[in-house]
Asks: 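Have a look at this one.
Note that the structure is predicted; figures quoted are calculated from it, not measured.
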Amino acid sequence: MSDGDTLEVDSKKVRLIGVNTPETVKPGEPVFPYGKEASEYTKKALTGKKVFVEVDVQPTDKFGRTLGYVYLQEPKTEADIENYMFNAILLREGYAQLMTIPPNVKYQDRFVRLQKESREGNKGLWALGIYADEAKSSSNVFIDGKSPFEKEKSGEKASSSVTKTTTDQKAACPNPTIKGNINSKGKKLYHVKGVSPYYEKTKAEMMFCTEEEAEAAGFVKAGS
């Protein structure tokens, strides 16, 4: 096990989908706040345990690691998904941030809700303040696996852009303005600047460049 979001299962490295714990072992990078706590939590919870791994659309990454949802027990009900999936547990307990990298978005809605609950409860890393500030301005769709906070620490310019697949696409929309929010009833709404009367008051869970992008992620235009 190298970090809080990476582990070894049957001699194969598995990178947890949808979550990002603060860095602790990345070459050339400092140890980020709450990184050691997250790493220790994962080690204590998973070392020597039998786990179940579920893959999504893209089963491996460019490093050859398996991309998976790791369960402490085999899930048999809907409730088991959140109770036993370690990815979800990390978000719920505040040891990780949401990191959405398409096309592996099967449990994105759950993850967005779990992070929101954890952040509002000031659990784990959210109690430090630095990550809370980042979450308010970030889409939580990460570029190259780095959060804006990590980019600032490593001397790079922070960005709130939604992940794109090519350099041209990233450059085309450096500052997304459409806010995606999940309301108290669980409905996914997006707000367009200058159109939605609630735009300024809306806390963004995700940011989008176009309405089509928001709708593709399952959000509905507010007021429609």
Asks: Flag the pair Gln115 / Trp126 as yes when at least one side-chain heavy-atom distance between them is below 4.5 Å, and no otherwise.
Replies: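 Yes, close enough: below the 4.5 Å cut-off.
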
Asks: Under 6.0 Å between the ring centres of Tyr107 and Tyr69?
Replies: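 Judged by ring-centre distance (under 6.0 Å), Tyr107 and Tyr69 do meet the cut-off.
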
Asks: Under 3.5 Å, is there a donor-acceptor pair between the side chain of Asp61 and the main chain of Phe63?
Replies: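 Flag set: sc Asp61 to bb Phe63 pair under 3.5 Å.
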
Asks: Between Asp3 and Glu23, which heavy-atom pair has the shortest distance, and what is it?
Replies: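 Closest pair (atom of Asp3, atom of Glu23, distance): OD2-OE1, 3.1 Å.
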
Asks: Please walk me through it: do Leu72 and Leu46 pass side chain to side chain contact (heavy atoms under 4.5 Å, CB included)?
Replies: CA-CA 8 Å; Leu72 302 175; Leu46 299 182; 3.2 Å; yes

Asks: Check whether any side-chain heavy atom of Pro22 lies under 4.5 Å from a side-chain heavy atom of Leu125, and answer yes or no.
Replies: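 Yes, side chains in contact.
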
Asks: Pair Ile178, His191 - check side chain to side chain contact (heavy atoms under 4.5 Å, CB included), show working.
Replies: CA-CA 6 Å; Ile178 297 175; His191 300 260; over 6 Å; no

Asks: Can you name the nearest heavy-atom pair linking Asp56 to Pro103, along with the distance?
Replies: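 Of all heavy-atom pairs spanning Asp56 and Pro103, the closest is OD1-O, 4.4 Å.
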
Asks: I would like to know whether Lys49 and Lys44 meet side chain to side chain contact (heavy atoms under 4.5 Å, CB included); could you show each step before the answer?
Replies: CA-CA 10 Å; Lys49 302 290 179 64; Lys44 185 176 181 180; over 6 Å; no

Asks: Should Leu90 and Leu16 count as side-chain neighbours, where that means a heavy-atom distance under 4.5 Å?
Replies: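 SC-SC contact between Leu90 and Leu16 confirmed.
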
Asks: Main chain of Ile182, side chain of Lys116: is a donor-acceptor contact present, judged purely on distance under 3.5 Å?
Replies: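 Side chain of Lys116 to backbone of Ile182, a donor-acceptor pair under 3.5 Å: yes, one is there.
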
Asks: Without swapping roles, check the side chain of Ser196 against the backbone of Val192 for a donor-acceptor pair under 3.5 Å.
Replies: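 No, because the side chain of Ser196 does not come within donor-acceptor range (under 3.5 Å) of the backbone of Val192.
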
Asks: Evaluate the criterion salt bridge (charged side-chain N to carboxylate O under 4.0 Å, His left out) for residue pair Lys188 and Asp109; output intermediate values, then yes/no.
Replies: CA-CA 9 Å; Lys188 298 169 72 175; Asp109 291 354; 2.5 Å; yes

Asks: Is the backbone N or O of Lys203 less than 3.5 Å from a side-chain atom of Asn181, with the two atoms forming a donor-acceptor pair by type?
Replies: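 Indeed, once roles are kept as given, a pair shorter than 3.5 Å links the two residues.
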
Asks: Identify whether Tyr84 and Val55 are in the same connected component of the hydrophobic contact network (ILVMFWY, side-chain heavy atoms under 4.5 Å).
Replies: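 No, Tyr84 does not connect to Val55 through the hydrophobic network.
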
Asks: Would you please test Leu189 and Lys187 for side chain to side chain contact (heavy atoms under 4.5 Å, CB included) and show each step?
Replies: CA-CA 6 Å; Leu189 301 173; Lys187 188 173 182 179; 3.6 Å; yes

Asks: Could you measure the distance from the CG atom of Leu114 to the CD atom of Glu93? Nearest 0.5 Å is fine.
Replies: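 Interatomic distance, Leu114 CG to Glu93 CD, rounded to 0.5 Å: 10.0 Å.
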
Asks: Where the side chain of Asn83 meets the backbone of Gln73, is there a donor-acceptor pair that is under 3.5 Å apart?
Replies: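 Not at all, since once roles are kept as given, no pair shorter than 3.5 Å links the two residues.
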
Asks: To the nearest 0.5 angstrom, please state how far the CG atom of Leu91 sits from the CZ atom of Phe111.
Replies: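 Reported value, rounded in 0.5 Å steps: 6.0 Å.
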
Asks: Nearest heavy-atom pair of Leu128 and Tyr34: which atoms, and what distance?
Replies: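 So the minimum-distance heavy-atom pair works out to CD1-CB, 4.0 Å.
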
Asks: I need the Glu213 CD to Met207 CE distance, nearest 0.5 Å.
Replies: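 With rounding to 0.5 Å, CD (Glu213) is 10.5 Å from CE (Met207).
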
Asks: Is there a donor-acceptor pair under 3.5 Å between the side chain of Asn87 and the backbone N or O of Val19?
Replies: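 Not at all, since once roles are kept as given, no pair shorter than 3.5 Å links the two residues.
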
Asks: Are any side-chain N or O atoms of Thr66 and backbone N or O atoms of Val14, one a donor and one an acceptor, separated by less than 3.5 Å?
Replies: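 Flag not set: sc Thr66 to bb Val14 has no pair under 3.5 Å.
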
Asks: Between Phe219 and Phe208, is the ring centroid distance below 6.0 Å?
Replies: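 Distance test on ring centres: under 6.0 Å, yes.
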
Asks: Say whether, by atom type as modelled, one donor and one acceptor occur between the side chain of Gln58 and the main chain of Thr60 under 3.5 angstrom.
Replies: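 Yes, Gln58 side chain to Thr60 backbone: donor-acceptor pair under 3.5 Å.
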
Asks: Does Asn20 use its side chain to pair, donor to acceptor, with the backbone of Met99 at less than 3.5 Å?
Replies: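 Absent.
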
Asks: Is there a donor-acceptor contact under 3.5 Å from the side chain of Lys221 to the main chain of Tyr190?
Replies: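 Not confirmed, Lys221 side chain does not pair with Tyr190 backbone.
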
Asks: Quick one, Arg113 with Glu82, criterion salt bridge (charged side-chain N to carboxylate O under 4.0 Å, His left out). Give me CA distance, side-chain angles, the key distance, then yes/no.
Replies: CA-CA 11 Å; Arg113 173 174 52 79; Glu82 289 184 21; 2.2 Å; yes

Asks: Please examine the side chains of Glu54 and Glu74, heavy atoms only from C-beta on, and report whether any two atoms are closer than 4.5 Å.
Replies: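 Not touching, per the 4.5 Å side-chain cut-off.
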
Asks: To the nearest 0.5 Å, what is the distance between CG (Leu7) and OG1 (Thr42)?
Replies: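 The OG1 atom of Thr42 is 8.0 Å from CG of Leu7, to the nearest 0.5 Å.
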
Asks: How long is the gap from NZ on Lys193 to NZ on Lys179, to the nearest 0.5 Å?
Replies: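 The NZ atom of Lys193 sits 8.5 Å away from the NZ atom of Lys179.
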
Asks: Parallel, tilted or perpendicular for Tyr41 and Phe86, by the 30°/60° rule?
Replies: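 Judged by the thresholds at 30° and 60°, the geometry between Tyr41 and Phe86 is parallel.
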
Asks: Find out if a path of hydrophobic residues (ILVMFWY) with successive side-chain heavy-atom gaps under 4.5 Å connects Ile81 to Leu98.
Replies: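 Yes, one cluster joins them.
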
Asks: State the OG1-CD1 distance between Thr100 and Ile17, to the nearest 0.5 angstrom.
Replies: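 Between Thr100 OG1 and Ile17 CD1, I get 11.0 Å after rounding to 0.5 Å.
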
Asks: Find out whether Met206 and Gln108 are in side-chain contact, i.e. whether some heavy atom of one side chain is under 4.5 Å from a heavy atom of the other.
Replies: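 A side-chain contact under 4.5 Å exists here.
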
